[in-house]
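Just below is one structure, and these are the notes that go with it.
We count ligands from 1, going down the list as the structure has it; atoms in each ligand are counted the same way.
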Amino acid sequence: MDFIGHHVLSVDQFARADIERIFQVADEMQPYAERTRITRVLEGAILGNMFFEPSTRTRVSFGCAFNLLGGEVRETTEVKASSLAKGESLYDTARVLSGYSDIIVMRHPEAGSVAEFASASRVPVLNAGDGTNEHPSQALLDLYTIRKELEGQNRSIDGLRIALVGDLKHGRAVHSLCKMLGLFDHVEFNLVSPAELAAPADIVEALVAKGHAVNVWGDLQSGIHHVDIVYVTRTQEERFPSQEEADRYRGLFRLNQAIYTEHCEPNTVIMHPLPRDSRAQAQELDVDLNQNPNLAIFRQTDNGVLVRMALFALILNIADEIHNHARPVTWYTAKRTPRT
Ligand code: CP
């Protein structure tokens with residue numbers, strides 16, 4: 001795809017070559033993300049970071065990514081703090097905010113809302129999560145992480161075996177990741193969920209049509225055997241009609257060290273888009289895994305900055321300019337290794 005000036009609304013926009021290009025630029029972002037070098041290539045540019053739904057890592061990492069490239073960030077963090085709460089339309093909001101920004105990142109609880117907003121925007125818009133639909137930058141950082149983890153085992157994404165566990169119906173990170181993995185060859189998907197929270201049929205059918213193996217499991221232990229990656233997700237309680245209904249599924253699948261040791265292969269990488277629900281009734285990813293070297297959840301969050309910097313660099317057409325505006329940093333920088 002031509003990145004320059006374009007929206008990123010769905011992973012359907014990407015071909016394998018596009019993903020490779022994003023990852024190539026992301027690799028180059030490492031010294032800036034780790035603050036051993038500084039670049040001011042986006043000096044004067046403004047990001048509108050519009051989050052109309054709760055977020056920690058997506059909002060802050062998009063903001064950090066833009067700052068690390070030298071740009072400034074303006075943000076809204078909830079509907080009630082914006083004039084959407086007064087009945088303003090997405091169209092008007094987009095016309096206004098795109099006059100203040102060079103690029104906009106947006107999260108909103110309604111599926112399709114970011115595309116609606118983008119159609120009225122005068123600047124590129126990146127989808128940071130629209131309801132249960134998609135979360136493209138999360139899928140990119142997940143895939144980037146998978147690639148790096150497999151590189152350590154001399155493996156590639158082709159032939160990957162992955163278990164996706166939990167609320168596969170509402171989990172937009174899972175939807176985007178499945179679609180993106182569908183671009184690769186001979187991927188084996190173990191979909192582990194209660195029947196009521198199964199992955200959307202259209203996503204599964206598309207994977208099968210492309211020749212991938214899709215196995216459906218109702219229990220965790222069976223689904224996590226013989227996989228390279230186990231990708232655990234939270235029950236998306238905010239998508240359920242009532243708290244009572246969400247509570248029915250919370251805590252149904254819990255991965256902890258004992259289950260991992262008994263049922264996973266020794267090199268199986270553990271991932272989660274985060275946040276994990278660490279309340280007693282949930283604990284889908286137990287904190288007793290925190291010292292497990294195969295737990296990649298904080299490598300995922302670190303990689304999010306690299307991938308989001310790469311998206312800005314490609315869309316704003318400065319990927320080849322970054323190093324021309326760079327210099328070493330002069331302040332103390334904490335050592336960030338080992339990155340667990
Ligand atoms: N993974 C993710 O989207 O996290 P946040 O909701 O904290 O942004």
Notebook entry, point to check: Is the NZ or CZ atom of Arg308 positioned over Phe62's six-membered ring, under 6.0 angstrom from the centre and within 45° of the axis?
Noted result: yes
Check: Do Tyr249 and His170 have ring centroids that are under 6.0 Å from one another?
Finding: no
Margin query: Tell me whether Glu88 is salt-bridged to Lys86, with the criterion being a basic N under 4.0 Å from an acidic carboxylate O.
Written below: no
Output block, N or O contacts of ligand 1, threshold 3.5 Å exclusive:
residue	atom	partner	partner atom	Å
ligand 1	1 (N)	Gln138	OE1	3.0
ligand 1	1 (N)	Pro273	O	2.9
ligand 1	1 (N)	Leu274	O	2.8
ligand 1	3 (O)	Thr58	OG1	2.9
ligand 1	3 (O)	Arg107	NH2	2.9
ligand 1	3 (O)	His135	NE2	2.9
ligand 1	4 (O)	Arg57	NE	2.9
ligand 1	4 (O)	Leu274	O	3.4
ligand 1	6 (O)	Arg107	NH1	2.9
ligand 1	7 (O)	Thr56	N	2.8
ligand 1	7 (O)	Arg57	N	3.1
ligand 1	7 (O)	Arg57	NE	2.9
ligand 1	7 (O)	Arg57	NH2	3.1
ligand 1	8 (O)	Ser55	OG	2.6
ligand 1	8 (O)	Thr58	N	3.0
ligand 1	8 (O)	Thr58	OG1	2.6
ligand 1	8 (O)	Arg107	NH1	3.4
ligand 1	8 (O)	Arg107	NH2	3.4

Note to self: Looking at Glu245 and Arg250, is any side-chain nitrogen of the basic one under 4.0 Å from a carboxylate oxygen of the acidic one?
What the structure shows: no
Next item on the list: Could you walk me through whether Thr145 and Gln300 pass the side chain to side chain donor-acceptor pair (under 3.5 Å) test, one step at a time?
Entry: CA-CA 6 Å; Thr145 304; Gln300 286 173 263; 5.5 Å; no
Next item on the list: Could you tell me whether Asp167 and Arg234 have a side-chain N and a carboxylate O separated by less than 4.0 Å?
Entry: no
